[in-house]
Amino acid sequence: MPVPAPPSTGALVVRAELPRPVDVALTLQPLQRGPYDPCHRRDGHAVWRTSRLASGPVTYRLVQDGPRGARCQAWGPGAGELADRLPSLLGAEDDPAGFRPEHPRLAEAHRRLPALRIPRTGRVLEALIPAILEQRVHAVAAFASWRRLVTWFGDDPPGPAPEGMRVPPAAETWRRIPSWEFHRANVDPGRARTVVRCAQLDDRLERLVDLDPAEAQRKLQSIPGVGIWTAAEVAQRAFGDADALSVGDYHLAKIVGWSLLGAPLDDAGMVEYLKPLRPHRYRAVRLIMATGGAGRVPRRGPRTPITDHRRR
């Protein structure tokens, strides 16, 4: 549980002490959707984030405070709930025991980054909608769509948030966004329909955090438009699932293959190769990515084109 810290004008201030080392910025990095995400900012040593919790919107600022600690300032109606969630958000429930990779590169990455934790936000829709926007399109385009939609339809953040930050739209707002606004944000009709459909199921989706992560992923995949990749992306962030493998990712299998074998893999090959690492396959992927795995894939052709659906 958070430990009370000295008060700060206008903010709820708490300090969390974790049972294991935590690198705050590295642990929270997967929650950022592109370099201009209006819900996530780096400001020197501080990480600023916004969220919409059951109790209301919140802005919070996190800084490292010792090898196992973090100091948090939070503003808004959701500040108290955020304080309660803070240890989970920083990976307090993430247990790397049993993760003993044999591959020298993975073992070295694990040795170098002992404070990398798997965060658990407990917020399903906030992880699900940006994952839907990232389906089958270039990441640059998906990040831009997320930024536009949150900027246009999100709310002003409580407290002294950095300029340009926004609170993600509420479920009822996502449900009401007209089709032409999705089009203006470069989101095709299929993904737009899936976003609206998931927003209509908001209450049911948020209860998935109480289930076993594997069962929660199966229930997510029962929603038309939500497949194995999207469910895994949600599980990694909302459920803190250290084993959720993003099968179907355009680049991931190749990155894993070149990083660990010096040759590309397909999805089936990646799943088979990482099988001995269960239940830590996503942890392995995080370590690969955090130590430059994407840079090990040779470039042998043109970059993936960015599709502009607004021209259609």
Strictly below 4.0 Å, N to O, side chains only: are Asp210 and Arg207 in salt-bridge contact?
no
So for atom CD, which belongs to Glu102, do other residues, nucleotides or ligands contribute more than 12 heavy atoms lying within a distance under 6.0 Å?
no
When you measure from the centre of the six-membered ring of Trp152, is the NZ or CZ of Arg184 closer than 6.0 Å and no more than 45° off the axis?
yes
Nearest heavy atoms of Glu233 and Ser246, plus distance in Å
OE2-OG, 2.5 Å
Answer yes if the side chains of Tyr36 and Arg147 hold a donor-acceptor pair under 3.5 Å, and no otherwise.
no
Is the side chain of Arg33 donor-acceptor paired with the backbone N or O of Ala127 at a distance under 3.5 Å, no angle test?
yes
Run the salt-bridge test on Arg283 and Asp94 with the 4.0 Å N-O cut-off and return the result as yes or no.
yes
Report yes if some heavy atom in the side chain of Ser145 is under 4.5 Å from a heavy atom in the side chain of Glu134; otherwise report no.
no
In Å, rounded to the nearest 0.5 Å, how long is the span from CZ of Arg85 to OG of Ser55?
8.0 Å
Would you say Gln64's side chain and Val22's backbone share a donor-acceptor pair under 3.5 angstrom?
yes
Any salt bridge linking Arg123 with Glu206? Criterion: basic side-chain nitrogen under 4.0 Å from a carboxylate oxygen.
yes
Decide, yes or no, whether a salt bridge links Asp95 with Arg20 under the criterion of side-chain N to carboxylate O below 4.0 Å.
yes
